[in-house]
Amino acid sequence: MKHVTKVFWISIAIVAIAVFAGIVAPEGLERVTTNLQDLITTNFGWYYLILVTFVVLFCLFFIVSPMGAIKLGKPDDEPEYSTVTWFAMLFSAGMGIGLVFFGAAEPLSHFVTPATAEGETAEAFKEAMRYTFFHWGIHAWAVYGVVALGLAYFKFRKGAPGLISATLTPLFGKKAMKGIWGTIIDVLSVFATVIGVATTLGLGAAQINGGLSYLFDIPTNFTVQVIIVIIVTILFIISAWSGIGKGIKYLSNTNIYLAVILLILMFIVGPTVLTLNMFTDSIGGYIQDLIHMSFRSAPLNGDNRTWINDWTIFYWAWWISWSPFVGMFIARVSKGRTIREFLMGVLFLPAVISFVWFAAFGTAAIKVQNMGIFDLSKYADEQVLFAVFHQFPWTMVLSMVALILIITFFITSADSATFVLGMQTTNGSLTPPNSVKITWGIAQAAVALILLYSGGLIALQNTLVASALPFSFIIIFMMISLYKSLSKEQRELGLYIKPNNEK
């Protein structure tokens, strides 16, 4: 392990302490972290709403700014991956398994318990789709995009290490970022990545188990989940060993093909016309209410405020806490693209695909629930999708494609994370040693299994959300640092909307 830095050992120690607490006192850890999450969402909800909206505006500014023409790399650098492969990799790392997990479950939940409307009404239907689009739309991808932009710009344009701390050098100087403050920032990034991916592994194992249970009456228990995690761990370690140009690339492309097949099948067997109408109406509602939803805090309505805390603010914190992992991976595969091309690809394309996905699966779920002959709300989130399939033709085909898709998304998320963790703990190396990647892969699986066993996944999610607060300040510093550096380069290159006649 001669390649690793002190960030590796400090991060391992902190993760070990958190896991030990989850084993020894899972209920106590869950209680403490729940209280911490409630404290943060209640007192800093306004801050999350303003910050994430500002991040969106920041990204949109660079799309229309002359600075958008600056390349993430040297002037003669070309993209390493085709546009389709690039999109497949960033989408698989950023949203993949979440769309499958929540594709039917979240719209259904908003329909039964809506933000403002009366439950299970026509207005609740429209509101459910609108808020689902909002939670998975450009706000989420802007958070990922701004972190990825900072990392890609300083790494490929300025030759800095591929580390979060390196993006802050223009603000705080090399001495600070190579010292204790840089170490703290990078450790926080590693911790958020490990906790986030371990949570995903746990949720992925639970959904695979839930699908097998619903389809084949396989018991839902820890033993089955151990087998699932071990099999998937072996697969993603093999993928990680083969390198980013093979394993992640091929699996990401496979994910896209499988997702398209599942989406088309659901579109055909589901309520096709209703899906098209809800997609169109929800896009309009999303655009029309975007500003209101972005700043809605319901300060004078306790019930509405609780809903916002549980959903919108929770999601904003979740995206922020995941941004070191997803941002670093997106940055790694984006060399050679202009800032404008990069941001348009990262912000809009995944958001539109997400909207199509939720329109198909969310509409189908709510349609089934609305018929009143089958109550989907009684199922756990990991089983809702399979329960929806059970109400349509080609049940087994849909379910098997979904299971395979969950597994491949599962593998690519874990594979991407081992690569990112390898980068973060080897001073930003673009080719971290296989020994480091495999160490992190096994560590992630172990954390997920221990927390599944101890029932600590809720505590882990709470910890992940809590970690978003300190990292949100790092994002602010990243934006300031990025703007400062790009403004300087804009002046040096003479990039202006109008000719600069001041001489």
Side-chain angles (χ1 to χ4, degrees), residues 48-72 79 81 83-96 98-99 130-153 156 167 252 256 259 279 282-291 293-295 312 315-316 318-359 416 472 475-476 478-479 482-483 486:
Y48 281 134
L49 292 172
I50 292 174
L51 172 62
V52 175
T53 302
F54 182 77
V55 169
V56 174
L57 295 175
F58 185 81
C59 292
L60 294 177
F61 165 76
F62 279 114
I63 290 175
V64 300
S65 166
M67 288 181 275
I70 295 174
K71 185 173 285 189
L72 300 175
Y81 304 99
T83 300
V84 172
T85 297
W86 174 64
F87 170 70
M89 288 196 287
L90 70 89
F91 192 76
S92 294
M95 289 293 177
L99 287 183
R130 186 167 66 246
Y131 267 98
T132 302
F133 282 20
F134 176 56
H135 291 152
W136 294 79
I138 61 172
H139 284 67
W141 284 98
V143 173
Y144 292 161
V146 77
V147 174
L149 177 61
L151 286 161
Y153 173 75
F156 299 124
T167 67
S252 296
I256 294 299
F279 172 77
S282 299
I283 286 288
Y286 170 71
I287 295 172
Q288 181 180 1
D289 291 350
L290 186 60
I291 295 176
M293 291 188 294
S294 297
F295 293 100
T312 303
Y315 267 128
W316 282 192
W318 187 275
W319 304 141
I320 290 171
S321 63
W322 260 69
S323 63
F325 156 46
V326 180
M328 190 166 290
F329 183 78
I330 292 175
R332 171 61 185 87
V333 299
S334 300
K335 180 181 179 181
R337 299 183 185 275
T338 65
I339 290 175
R340 184 174 295 113
E341 177 189 8
F342 170 84
L343 286 175
M344 290 185 70
V346 171
L347 258 66
F348 299 116
L349 190 56
V352 171
I353 297 300
S354 298
F355 297 162
V356 173
W357 186 274
F358 280 110
S416 304
S472 69
I475 290 178
I476 293 173
M478 285 182 72
M479 289 192 292
L482 184 62
Y483 181 77
L486 280 169

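All residue numbers in this chain count up from 1 along the given sequence. Just so it is clear, the values below take in all heavy atoms, side chains as well, and ignore hydrogens, waters and symmetry mates.
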Measure from the ring center of Phe134 to the ring center of Trp316 and say whether it is less than 6.0 Å. yes
Could you go step by step and tell me if Thr132 and Phe355 meet the side chain to side chain contact (heavy atoms under 4.5 Å, CB included) rule? CA-CA 8 Å; Thr132 302; Phe355 297 162; over 6 Å; no
All heavy atoms of Leu347 vs all of Cys59, minimum pair found to be CD2-CB, 3.9 Å
Hey, what do you get for CG (Leu486) to CD1 (Ile70), rounding to the nearest 0.5 Å? 5.0 Å
For His135 and Tyr315, take the angle between the two ring planes, folded into 0 to 90°, and tell me which bin it lands in: parallel under 30, tilted 30 to 60, perpendicular over 60. tilted
In terms of heavy-atom contacts, Ala142 and Val55 come closest through O-CG1, 3.4 Å
Separation between OG1 (Thr53) and CE (Met293), nearest 0.5 Å, reads 10.5 Å
In terms of ring plane angle, is the pair Tyr144 and Trp319 parallel, tilted or perpendicular, where the classes change at 30° and 60°? perpendicular
Heavy-atom closest pair, residues Ala331 and Ala152: CB-N, 3.7 Å
Flag yes if more than 12 heavy atoms outside Ile291 fall under 6.0 Å of its CD1 atom; otherwise flag no. no
Which heavy atom of Val143 sits nearest to which heavy atom of Ser323, and what is that distance? CG1-CB, 3.9 Å
Below 30° counts as parallel, above 60° as perpendicular, anything between as tilted: where do the rings of Phe58 and Phe54 land? tilted
Tell me whether Arg130 contacts the main-chain N or O of Leu290 through its side chain, where contact means a donor paired with an acceptor under 3.5 Å. no
Interatomic distance, CZ@Phe279 vs CZ@Phe358, rounded to 0.5 Å, equals 13.0 Å
Which class fits the ring pair Tyr286 and Phe133: parallel under 30°, tilted 30 to 60°, perpendicular over 60°? perpendicular
Taking side chain to side chain contact (heavy atoms under 4.5 Å, CB included) as the criterion, tell me which of Leu349, Ile63, Ile339, Thr338 meets it with Met344. Ile63
Nearest heavy-atom contact between Leu151 and Met478 is N-CE, 4.5 Å
Find the distance between OG1 (Thr83) and CZ (Arg337) and round it off to the nearest 0.5 Å. 4.5 Å
Shortest non-hydrogen contact from Gly327 to Val147? CA-CG1, 4.2 Å
Backbone of Trp318 reached by a side-chain donor or acceptor of Ser321 within 3.5 Å: yes
Interatomic distance, Leu51 atom CG to His139 atom NE2 [nearest 0.5 angstrom]: 10.5 Å
From Ile353 atom CD1 to Phe348 atom CZ, the distance as rounded to the nearest 0.5 Å: 14.0 Å
Against Phe342, only a single residue in Phe62, Trp86, Tyr153 fulfils side chain to side chain contact (heavy atoms under 4.5 Å, CB included); can you say which? Trp86
